[in-house]
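Every number for a ligand or one of its atoms is a count from 1 in the order of the listing.
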Amino acid sequence: MEIIHVAAECYPVAKAGGLGDVVGALPKYQADLGHVTKVVMPMYRTKFLYNHQWELVHEGEQFLGSQSFHYAVIKEKTNTLGFDLYLVDINGLLDREKIYGYNDDTERFMAFQIAVCDWMNKWQHKPSVVHCHDHHTGLIPFMMQHCFAFRDKLARIPTVFTVHNAQYQGWMGWDKNHYIPYYDTWKTGLLEWDKNINPLASAIKCAWKVTTVSHSYLDELKQEANGLQHLFEYEKGKSYGILNGIDTQVWDPHTDSMIVKNYGSELVEKGKWKNKKELAGQFGLDPNKPLVSFIGRLVGEKAADLLPEAISQSIYQHHGNVNFLVLGSGDPNVEDRLDNMKHHFSGYYNSFIGYSEQLSHLIYAGSDFLLMPSRVEPCGLNQLYALRYGTVPMVRNVGGLRDTVTDMGDPQGFGIRFDQASVNDITYSVGRAIDLYNNKHELYHWMRSHMMEIDHSWEGSAQQYIDLYISLQ
Ligand code: ADP
Ligand code: GLC
């Protein structure tokens with residue numbers, strides 16, 4: 001099969017969160033299963049671009065409304081990532097350092113999608129499937145099927161759309177309609193939701209199959225999906241939950257070059273201790289106390305706004321018998337509060353406000369517990385990395401967290417689960433963590449080595465996607 005993944009992120013080329021991890025790993029595992037796998041993404045100006053060799057494979061002209069634009073497609077020469085990587089360059093729109101966060105993101109991703117369709121339209125052959133990820137690529141299924149310029153050639157190519165996060169939908173007003181290449185106006189219903197053009201809704205309507213990144217999230221979306229719940233209910237017949245995996249080559253405490261001491265499930269105590277001492281040294285914490293860490297985007301979905309109070313309450317209520325470390329960036333207000341607290345709770349709490357891939361690895365390895373109080377969590381990869389590094393996940397009972405973490409109160413349970421995204425539930429769970437760390441050595445030891453052996457690698461899920469593509473041929 002020839003599989004084309006189209007996405008805004010792909011690790012290590014450009015990553016803002018879990019979408020990048022998935023698009024950097026799933027295609028590699030599909031290639032290992034014997035398929036031709038290609039990733040197509042915007043050519044941002046990231047380090048990866050300058051450190052690799054490229055060849056020009058295509059150039060074209062298209063229109064964004066009445067403005068014409070030139071685009072170029074380049075291919076990474078040596079296949080370093082284990083799949084074919086193509087970058088689409090559009091000067092003035094995609095030639096930026098960051099992935100998102102610009103005022104013209106709508107125009108940037110619209111032009112990207114038009115360029116991708118135009119390029120595929122020029123191919124001599126048809127790929128087996130086009131697999132799009134999240135709203136930045138959500139108009140591609142519509143464009144392939146209904147835009148006059150593309151539909152003759154592209155309409156019969158199967159499309160799969162994966163919802164990594166339904167909170168972000170890419171809405172735009174109808175004044176942007178002229179950006180979309182010409183189509184029959186009676187098809188406008190396929191673009192619309194709640195009086196706007198909604199790329200996520202359009203993808204759910206037009207893609208041949210829709211997937212979400214965990215089973216529980218698929219169920220939850222029918223109840224609450226930032227306004228799209230009825231659509232998810234309506235399209236449930238073509239929707240599937242396929243749990244994300246992790247790239248066990250990148251996330252492996254045996255070989256990880258970003259941590260100070262490598263270890264496996266046999267040497268977990270010693271290995272984690274060395275990494276913890278390094279973290280404690282860097283952040284002025286006490287390595288003898290249990291360390292609870294948080295890594296992630298500081299946004300409402302992750303319940304990051306609760307962290308300042310939950311951390312201070314936990315330190316007071318548990319008499320300073322616990323340490324906290326936060327790595328994240330996002331909402332400036334939450335960033336400020338988490339940063340200012342450092343002085344007040346010096347020796348008990350510290351944070352790094354920003355993005356650091358390297359530090360994230362050290363935190364997964366050196367922490368005792370990883371806190372994820374998410375309000376919404378489609379899958380969550382952090383808890384899977386935590387499991388692999390022998391760090392006990394403390395998670396809210398939601399989405400992919402519910403599907404991957406069982407509570408230590410259950411027979412064979414290996415995590416700490418709580419029901420509410422609230423300061424009380426977090427503080428109570430911190431108490432359970434401290435008790436486990438100080439008083440239940442046997443259980444703690446068993447949990448750590450057991451969870452490191454759990455197989456969350458991509459092999460199984462990559463095959464589930466292949467089976468889905470096969471059903472469309
Ligand atoms: P989401 O995609 O919603 O942000 P996931 O749990 O799927 O959540 O994935 C988050 C990914 O981003 C993980 O690889 C995590 O380690 C990484 N990450 C998030 N914030 C940071 C940060 N500030 N620095 C480094 N890595 C981060
Ligand atoms: C999204 C979700 C996260 C998921 C990731 C990869 O960003 O918020 O839960 O793990 O995509 O699918």
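Comment: K205 does not engage E235 in a salt bridge, judged by the lack of any side-chain N to carboxylate O separation of less than 4.0 angstrom. Salt bridge present: R402 and E220 bring a charged side-chain N and a carboxylate O closer than 4.0 Å. Classification of R375 and D305 as a salt-bridged pair holds, one side-chain N sitting under 4.0 Å from a carboxylate O. A salt bridge links D104 with R96: the distance from a Lys NZ or Arg NE/NH1/NH2 to an Asp or Glu carboxylate oxygen falls below 4.0 Å.
Between P27 and F83, the closest heavy-atom pair is CB-CD2, 3.7 Å.
Residue G18 has at least one heavy-atom neighbour below 4.0 Å for each of these atoms of ligand 2: 5 (C), 6 (C). Of all the atoms in ligand 1, the ones that sit under 4.0 Å from a non-hydrogen atom of L327 are 22 (C), 23 (N), 24 (N), 25 (C). Close approach of ligand 2 to P378 (heavy-atom distance below 4.0 Å) involves ligand atoms 2 (C), 8 (O), 9 (O). Close approach of ligand 2 to V22 is summarised as follows: ligand atoms under 4.0 Å from at least one heavy atom of the residue are 6 (C), 12 (O). Near S356, meaning under 4.0 Å from one of its heavy atoms, ligand 1 places the atoms 24 (N), 25 (C). Listed by number with element, the atoms of ligand 2 under 4.0 Å from a non-hydrogen atom of N165 are 8 (O). Within ligand 1, the atoms closer than 4.0 Å to a non-hydrogen atom of G354 are 22 (C), 23 (N), numbered from 1 in the order shown.
Using cut-offs of 30° and 60° for the angle between ring planes, the H133 and H131 rings count as parallel. Between W251 and Y364, the ring-plane angle classifies as perpendicular under the 30° and 60° cut-offs. Between F109 and Y100, the ring planes are tilted. Angles from 30° to 60° get that label.
Checking Y355, Y385, Y364, W251 against atom 22 (C) of ligand 1, the nearest heavy atom belongs to Y355. Nearest residue to atom 6 (C) of ligand 2 from N244, D134, V398, V163 is N244 (criterion: closest heavy atom).
Heavy atoms of K15 found under 4.0 angstrom from ligand 1 belong exclusively to the side chain. Within the 4.0 Å heavy-atom criterion, neither part of V376 lies near ligand 2. With a 4.0 Å heavy-atom cut-off, ligand 2 is reached by the backbone of L19 but not by any atom from C-beta on. When heavy-atom distances to ligand 1 are checked against a 4.0 Å cut-off, K302 comes that close only through its side chain, counted from C-beta outward.
For atom 14 (O) of ligand 1, the nearest non-hydrogen atom of the protein is D21 OD2, 2.6 Å. Nearest to atom 4 (O) of ligand 1 among the protein's heavy atoms is R297 NE, 2.8 Å. For atom 10 (C) of ligand 1, the nearest protein heavy atom (residue, atom name, distance) is N382 OD1, 3.4 Å. Regarding atom 20 (N) of ligand 1, its nearest protein heavy-atom neighbour is G296 CA, 3.5 Å. Annotation: atom 2 (O) of ligand 1 to nearest protein heavy atom, G18 N, 2.6 Å. The nearest heavy-atom contact from the protein to atom 2 (C) of ligand 2 is H164 O, 3.2 Å. Nearest protein heavy-atom neighbour of atom 5 (P) of ligand 1: L381 N, 3.6 Å.
The distance criterion of under 3.5 Å between nitrogen or oxygen atoms is met by E377 with respect to ligand 2. Looking at C379 next to ligand 2, an N or O pair under 3.5 Å apart turns up.
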(message) Between E278 and K261, does the salt bridge (Lys or Arg N to Asp or Glu O under 4.0 Å) criterion hold? Intermediate values first, please.
(response) CA-CA 10 Å; E278 173 67 26; K261 174 80 188 158; over 6 Å; no
(message) Could you walk me through whether H456 and T248 satisfy the side-chain contact (heavy atoms from CB on, under 4.5 Å) test, starting with their C-alpha distance in whole Å, then the side-chain angles of each, then the deciding distance to 0.1 Å, before giving a yes or no?
(response) CA-CA 8 Å; H456 274 295; T248 46; over 6 Å; no
(message) Is there a side-chain contact (heavy atoms from CB on, under 4.5 Å) between T427 and V423? Walk through the geometry before answering.
(response) CA-CA 6 Å; T427 312; V423 170; 3.8 Å; yes
(request) Before giving the answer on side-chain contact (heavy atoms from CB on, under 4.5 Å), spell out for Y263 and N275 the whole-Å C-alpha distance, their side-chain angles and the decisive distance to 0.1 Å. (result) CA-CA 10 Å; Y263 59 96; N275 288 296; 3.6 Å; yes
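Under the 4.0 angstrom criterion for non-hydrogen atoms, G380 is in contact with ligand 2. For G380, the heavy-atom gap to ligand 1 drops under 4.0 angstrom.
In this structure, Y234 has its ring center at least 6.0 angstrom away from the ring center of H230.
Residues M394 and L370 have side chains not in contact (no heavy-atom distance under 4.5 Å, counting atoms from C-beta outward).
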